[in-house]
There are 2 protein chains.
Amino acid sequence: MSIRKSRPESGARRIRRAAEASRENILNAAEALLVDQGPLALKLAEVAAAARVANATVLHHFGSIDGLHVALMERMIDQLVANVLAAVAAHDKAEPPEAALQALFDAFETRGAARLAAWLELTGEWRRLTHVKDAVHKIVAQRAERGDVSEALAADMVLIRAALAMGVGLFGRSLAELIGLPPGRTRQLAAALLRAQAAASKPKGEA
Amino acid sequence: MSIRKSRPESGARRIRRAAEASRENILNAAEALLVDQGPLALKLAEVAAAARVANATVLHHFGSIDGLHVALMERMIDQLVANVLAAVAAHDKAEPPEAALQALFDAFETRGAARLAAWLELTGEWRRLTHVKDAVHKIVAQRAERGDVSEALAADMVLIRAALAMGVGLFGRSLAELIGLPPGRTRQLAAALLRAQAAASKPKGEA
DNA sequence: TTTCTTATTGACATTTTTGTCAGTAAAGCT
DNA sequence: AGCTTTACTGACAAAAATGTCAATAAGAAA
């Protein structure tokens, strides 16, 4: 009477990946969930279902649901930082401000980077991720170097642009929809804002 | 043996409020939790404890935890809208742009209005709250009227300013802290940005 | 093939969170 | 005072979410 069923009898043959590949698979599913359903969708069962593995598999690889959260945050932060650095690097080259601005906004809007940031802020989790602080400093340093400006000015630039880009990336689409304007309108306006400032700072530089 | 304890015997005398006052009390506690611990802290038990009532009392007044969430969102939205409208109204009077800008940023930063917005965005809940759409239209209309500009221009102004103010309100403090600048720096820079634009739009108006 | 490692899983256990209900008591009314 | 209404509560039930574990099986190595 205490005999376990010896065969799963579910037709699907079991998939076995390398540990790293499996982690990637799960993180991809989790990221997709976060991006288009919000942080509340990051339940163990939902992630497992989206990744098409058993709940226990997720726990096997990440230890706990919190472990998954942290791993996901770190991966997304790394992606975001790489994109932002690329945007900054692109800034000094051909010097078409448009392209660099687009790249910057893209970095914060694609794949829910802004949503990640919002999540980090709401939960206060970013304080525990050393990732974040290092990344920010790296960006400031690179902007100072590439843009050939003082550290202080670079810090200001990063600060205001990041705040603006996050606001646009997180709320831009929804706000435009609410007001009845096309989805890309917010980005246009934001870019115009930065251009106006750049133009004004040529005669006399502030911020 | 099936006798219930007939006396609660807990020394504290039971507090009985008018229904409306009780709802307010609970909403206040919930709002405080949301603001300084994030949406994840909005559990039934935590809210009840913060409001110093029993779990069942919360359910009695709001039906379910979701009911509480909706009620809280609506109340916070109303507060935010009132503040923004006041800021817009203040704009045409004495015409010190500084004061109006400060009021605008205050509206999005105080009492976690920006955090509310982020929560609404992340969960997608704002689509179900007719509150939001009405409020936005009211703001656009009032800006067009008070600022004596076209509807289209007013819409653009509201769009970009809201996005900026939300970005600043939500991430401003944390970003400044990360970069190593004083907490109010983000607001200063944002105000400077808007001023630069206003200056540039005098000769030829765009956005 | 046989052996070995370990990714994978279902069944189960535990914890957390939400919801129900009958009974209690505080305030207004007659 | 008694009566009525209903805010309030503890005890309990139900549901949801997380975590444990022993058994299974896929792939690589021997």
Side-chain angles (χ1 to χ4, degrees), chain A residues 1-30 33-34 37-72 123 125, chain B residues 1-30 33-34 37-72 123 125:
Chain A
M1 278 308 184
S2 66
I3 309 170
R4 293 285 160 80
K5 266 192 214 162
S6 30
R7 274 201 290 97
E9 77 183 271
S10 32
R13 187 170 160 73
R14 189 188 281 189
I15 302 176
R16 183 191 172 113
R17 288 172 251 250
E20 199 49 40
S22 187
R23 289 173 57 96
E24 294 280 309
N25 171 51
I26 294 169
L27 285 176
N28 288 342
L33 276 178
L34 171 64
Q37 297 202 44
L40 282 70
L42 289 182
K43 309 287 184 191
L44 190 53
E46 297 212 40
V47 172
R52 299 172 148 279
V53 296
N55 293 18
T57 303
V58 177
L59 294 176
H60 171 70
H61 285 291
F62 297 97
S64 69
I65 190 66
D66 255 33
L68 172 72
H69 288 167
V70 170
L72 176 60
T123 60
E125 204 97 16
Chain B
M1 275 314 185
S2 66
I3 309 172
R4 292 285 161 77
K5 267 192 213 163
S6 31
R7 275 201 289 98
E9 77 183 271
S10 33
R13 186 170 161 70
R14 191 187 281 189
I15 302 176
R16 184 191 173 112
R17 288 173 251 248
E20 199 49 40
S22 186
R23 289 173 57 96
E24 292 281 307
N25 171 51
I26 293 168
L27 286 176
N28 289 341
L33 276 178
L34 170 65
Q37 297 202 45
L40 281 70
L42 288 183
K43 310 285 185 192
L44 191 53
E46 297 210 41
V47 172
R52 297 171 149 280
V53 296
N55 292 19
T57 303
V58 177
L59 295 175
H60 171 70
H61 286 291
F62 297 96
S64 70
I65 190 67
D66 254 32
L68 173 71
H69 289 167
V70 170
L72 177 59
T123 59
E125 203 96 18

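Numbered from 1 within each chain, the chains take letters A, B, ... in sequence-line order.
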Open item on the list: Let me confirm one number: the CG-CZ distance from B:Leu68 to B:Arg23, rounded to the nearest 0.5 Å.
Closed with: 9.0 Å
With the criterion being N/O to N/O and under 3.5 Å, what pairs connect the protein with nucleotides 28-30 of chain C, and how long is each?
none

Task: Presence of A:Thr57 side-chain N/O under 4.0 Å of C:dA7 phosphate oxygens OP1/OP2 - done: no
So which protein nitrogen or oxygen atoms get under 3.5 Å of nucleotides 2-4 of chain D's nitrogens or oxygens?
none

Task: Phosphate OP1/OP2 of D:dC8 contacted by B:His60 side-chain N/O (<4.0 Å) - done: no
Task: Spacing between A:Glu20 atom CD and C:dA7 atom P, to the nearest angstrom - done: 11 Å
Open item on the list: For the CG atom of B:Leu33 and the CG atom of B:Asn28, what is their distance to the nearest 0.5 Å?
Closed with: 11.0 Å
Open item on the list: What's B:Ala19 touching, base or sugar-phosphate or nothing? Going by heavy atoms closer than 4.0 Å.
Closed with: sugar-phosphate
- [ ] State the CG-CD distance between B:Leu34 and B:Glu46, to the nearest 0.5 angstrom.
- [x] 12.0 Å
TODO: Rounded off to whole Å, could you give me the CZ-to-P distance for the A:Arg13 and C:dA7 pair?
DONE: 18 Å
TODO: Return the nearest nucleotide to the side chain of B:His61; candidates are D:dT9, D:dA7, C:dT8.
DONE: D:dA7
Mind listing the side-chain donor-acceptor pairs of residues 47-66 of chain B below 3.5 Å, one per line with the distance, residues two or more places apart or on another chain?
residue: B:His61; atom: NE2; partner: B:Ser22; partner atom: OG; Å: 3.1
residue: B:Ser64; atom: OG; partner: B:Asp66; partner atom: N; Å: 3.3
residue: B:Ser64; atom: OG; partner: B:Gly67; partner atom: N; Å: 3.1

- [ ] Applying salt bridge (Lys or Arg N to Asp or Glu O under 4.0 Å), name anything that partners B:Glu24, two or more places apart in sequence or on another chain.
- [x] B:Arg75
Below 3.5 Å between N/O atoms, which protein atoms pair up with nucleotides 1-5 of chain C? Just atom names and distances, please.
none

Open item on the list: So A:Ala56, base contact, sugar-phosphate only, or nothing? Heavy-atom distance under 4.0 Å.
Closed with: base
Open item on the list: Holding to salt bridge (Lys or Arg N to Asp or Glu O under 4.0 Å), I want the full list of residues that pass it with B:Glu125, two or more places apart in sequence or in another chain.
Closed with: B:Arg128
Task: Distance test, side-chain N/O of B:Ser22 to OP1/OP2 of D:dA7, below 4.0 Å - done: no
Where do N or O atoms of nucleotides 16-19 of chain C meet protein N or O atoms at under 3.5 Å, pair by pair?
residue: C:dT18; atom: OP2; partner: B:Leu44; partner atom: N; Å: 2.7
residue: C:dG19; atom: OP2; partner: B:Ile65; partner atom: N; Å: 3.0

- [ ] Would you kindly give the CZ-to-C1' distance between B:Arg14 and C:dA25, to the nearest whole Å?
- [x] 5 Å
Open item on the list: Report for the helix from C:dT1-D:dA30 to C:dT30-D:dA1: angle between first-end and last-end helix axes, five pairs each, rounded to 10 degrees.
Closed with: 10°
Task: Between C1' of D:dA17 and CG of B:Leu40, the distance in whole Å - done: 13 Å
Open item on the list: In this structure, how many angstroms lie between the P atom of D:dA7 and the CZ atom of B:Phe62, rounded?
Closed with: 12 Å
